[in-house]
Amino acid sequence: MQNLPRSFYTQRTLTVAKELLGKIFVHKIGKNYLSGMIVETEAYLFNDPASHAFRGLTERNKPMFNSGGFLYVYFTYGMHYCANVVTYKEGIGEAVLIRAVEPLDGIEIMRANRNFKDFHHPHNLTNGPAKFAQAFSLTKIHSGIDLCGKEIFINEGNHIPKSNIVSTTRIGISSGMDKKWRFYIKANEWISKK
DNA sequence: TCCACGATCGGCT
DNA sequence: GCCGATCGTGGAG
């Protein structure tokens, strides 16, 4: 299966946010592969008060100002990480938050990473941005990594037709509520709730 | 120097 | 099902 090229990530951010649905996020750790199909995303644009990049470049959000195809991971709530795919052109500061994936390879490792024992509700393993980051062992140290590399990358996966993509308001923000920039695959049980 | 911001879990009701 | 605890970051004062 083909890894996504730079030209995929440098498209318009809202395009990438929708196109990422159905693609396969992969983190290679030693000889093990953690992978999952992306089922839910949120777009954050440069003129968007809910975006970390809204007030310009800082030490934390620096990776967001790379060209598309880099990873931006931030720490939140004193205990969690969230992972974003940087999009569009260098110097702009836009990204797509990965909110949920459907796990494929390395599920046992993901369970161990999250100390997850709830076998009655398997979808709770990766149905939230911080759950995804923890399951995939993504932390601060991965912020700024090039997704056109060999450690963390995204594969082609399946194309999701427009008719199967739902767009709604984003979650967990207190500004920018007018923008319907959360996207998920219709009738997929692995998306986050609310 | 202070204060707003934000995801998840566990424990309680 | 609701409630509290958790803390780094960056803007405002």
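Hydrogens, waters and symmetry mates play no part in the numbers below; they use all other heavy atoms, side chains included. Chain A is the first sequence line, chain B the second, and so forth, proteins listed ahead of strands; every chain is numbered from 1. All figures in this text were calculated on a predicted structure; none of them were measured in a lab.
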Are F25(A) and F153(A) an aromatic pair, judged by ring center distance below 6.0 Å? no

Cut-off 3.5 Å, side chains only: do N164(A) and K162(A) have a donor facing an acceptor? no

So is R114(A) actually on top of F136(A)'s ring, under 6.0 Å and inside 45° of the axis? no

Does anything in residues 46-62 of chain A reach DNA chain B, meaning a heavy atom under 4.0 Å, and if so which residues? none

Does either side chain, that of E42(A) or that of Y44(A), offer a donor lying less than 3.5 Å from an acceptor on the other one? yes

Considering just the side-chain nitrogens and oxygens of S174(A), establish if one lies under 4.0 Å of OP1 or OP2 belonging to dC5(B). yes

Using whole Å, what does the distance between atom P of nucleotide dG8(C) and atom OH of Y81(A) come to? 10 Å

For residues 64-72 of chain A, run the donor-acceptor check on the side chains, cut-off 3.5 Å, and write out each pair with its distance to 0.1 Å, sequence neighbours left out.
residue : atom : partner : partner atom : Å
Y72(A)  : OH   : H52(A)  : ND1          : 2.8

Proximity to the side chain of F75(A) - top-ranked nucleotide from dG8(C), dT9(C), dA7(B): dG8(C)

Does one side chain, of N127(A) or K131(A), offer a donor that lies under 3.5 Å from an acceptor on the other? yes

For residues D118(A) and H121(A), is any side-chain donor paired with an opposing acceptor at under 3.5 Å? yes

Exercise: do S192(A) and E40(A) side chains pair donor with acceptor under 3.5 Å: yes

At under 4.0 Å between heavy atoms, which parts of nucleotides 8-13 of chain B does protein reach? Answer with one letter per nucleotide, 5' to 3': B base, S sugar-phosphate only, - none. SS----

